[in-house]
Student: 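Let me begin by handing over the structure; questions about it come next.
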Amino acid sequence: MSGLIRSFLAPANTPETQFPLNNLPCGVFSDAEPPRCGMAIGDSILDVQALEARGLLRFGGTLQTGEWTEFMALGPDAWSRLRHDVTGLLAEGSPQEAAVRPFLRPQEGVVLHMPFRVAEYTDFYASRHHATNVGTMFRGVDNALPPNWLHMPIGYNGRASSVVVSGTDVRRPWGQVKGPDDSAPRFAPSARFDIELELGAVVGVASDHPLSVTEADAAIFGYVLLNDWSARDIQAWEYQPLGPFQAKATATSISPWIVMSEALRPFRCDTPARVVPLPDHLCDAGPMLFDIGLEAALAPAGKAETIITRTNYNEMYYSAAQQLAHHTTCGCPMRTGDLLGSGTISGPQKKNRGSLLELSWGGKEPLTLDTGEPRSFIEDGDRLTLRGAATGDGYLVGFGSCTGRVLPAVNDPYARDET
Ligand code: CA
């Protein structure tokens with residue numbers, strides 16, 4: 001594994017920074033000017049939009065649009081060239097240091113926006129630990145894993161319209177929930193609102209035919225942290241037979257920085273051993289997962305946070321490349337900006353579970369936060385924050401954070417305002 005690539009910016013060379021030169025994640029930021037494309041470096045942002053406008057980078061004007069979508073569509077050669085060119089500009093001893101310095105901004109104080117236009121959003125269910133835990137709670141231990149689960153990565157088509165960037169508040173949803181008996185559902189605010197700690201894969205290269213796992217892997221531009229907010233009481237009532245619908249459609253939060261696949265290459269690892277053989281077209285062609293440490297924190301309103309879980313992306317049974325390949329097997333076209341949620345990332349132990357549903361075992365075993373409060377599900381005013389980083393030899397490749405605060409439900413979303 002290669003070591004830290006040193007920059008002329010000292011804060012980018014510390015072992016603690018999320019954003020050394022090895023990382024160079026892609027985001028969209030604004031200060032006094034409209035939103036524009038930038039890359040995080042140390043505690044700064046490099047304004048690549050301005051650098052391209054002045055001819056220091058050349059990508060056909062794709063960095064001038066205030067989002068990364070058009071650049072992503074250029075494909076892997078351009079992605080690699082951008083990393084190469086920016087690394088050259090920012091490296092220790094760079095002859096361009098004086099020319100580049102005017103295009104660096106402090107991260108502090110800028111507003112971060114959605115880094116790309118989400119074309120479609122698909123969510124998978126690819127952690128065996130998570131699927132086993134949830135299946136045990138919903139259907140009993142004997143039917144925990146559905147019969148198809150070990151043969152393909154199960155997913156459903158979600159909503160691009162409800163994907164929001166980190167920092168966006170989320171309003172507790174109303175929905176239909178099961179009453180004390182099956183015959184009497186109620187319309188009420190969700191009392192079991194939850195997080196799902198996931199990683200999102202961002203498709204860069206569009207396709208219109210079935211992809212191999214290798215082709216799928218090459219089509220993925222990068223990864224983001226993803227919190228798939230989930231109303232468990234709505235989900236438990238609505239999910240059969242067509243899967244989640246309203247329970248997952250309130251919001252899905254993503255981190256503002258896309259960590260490019262190439263930055264994660266040193267952290268590749270194998271998926272776990274197969275319980276049953278997969279069909280050839282879904283088999284890994286090499287290490288397709290990544291060793292990325294992940295955590296979720298919960299902070300009640302006005303109080304300090306508690307880390308409620310720590311897990312790792314290397315726990316997944318299926319990689320994003322396998323998920324994308326499976327997604328295309330029927331001929332489903334994929335677009336630049338397609339977002340694929342990994343599914344909740346749970347590890348083998350209770351402390352590694354990626355949702356409150358699992359951590360509190362359906363509310364039967366509430367957590368006690370460091371501040372003393374019990375929690376089974378999210379309370380109004382709680383702030384939930386996901387973080388993640390891959391750990392190299394003396395450096396990190398970090399994702400930053402993905403945070404959101406839950407606001408109280410409105411009184412009645414259908415009440416008429418008579419004033
Ligand atoms: Ca999910």
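Remember, it's 1-based here, ligands and their atoms both numbered in the order they're listed. One is the number of the first residue; the rest follow in order along the sequence. Hydrogens, waters and symmetry mates play no part in the numbers below; they use all other heavy atoms, side chains included. Please read all numbers here as calculations on a predicted model, not as lab measurements.
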Student: Angle class for the W79/F221 ring planes (parallel below 30°, perpendicular above 60°, tilted otherwise)?
Tutor: perpendicular
Student: Using the side-chain hydrogen bond (donor to acceptor under 3.5 Å, both in side chains) rule, take E67 and T65 through it: C-alpha gap first, then chi angles, then the decisive distance, then the call.
Tutor: CA-CA 6 Å; E67 56 172 37; T65 60; 5.0 Å; no
Student: Restricting to N, O or S atoms of D123, which is nearest to the Ca ion (ligand 1)?
Tutor: OD2
Student: By atom name, which N, O or S atom belonging to D228 lies closest to the Ca ion (ligand 1)?
Tutor: OD2
Student: For the residue pair W174 and F187, does the interplanar ring angle fall in the parallel (under 30°), tilted (30 to 60°) or perpendicular (over 60°) class?
Tutor: tilted
Student: Between side-chain atoms of residues 289-299 and protein atoms elsewhere (two or more places apart, or another chain), which donor-acceptor pairs fall under 3.5 Å?
Tutor:
{"residue": "D291", "atom": "OD1", "partner": "N312", "partner atom": "ND2", "Å": "2.8"}
{"residue": "E295", "atom": "OE2", "partner": "R387", "partner atom": "NH1", "Å": "2.9"}

Student: When you measure from the Ca ion (ligand 1) to each N, O or S atom of E196, which atom gives the shortest distance?
Tutor: OE1
Student: Determine which of the N, O or S atoms in E198 is closest to the Ca ion (ligand 1) and give its atom name.
Tutor: OE2
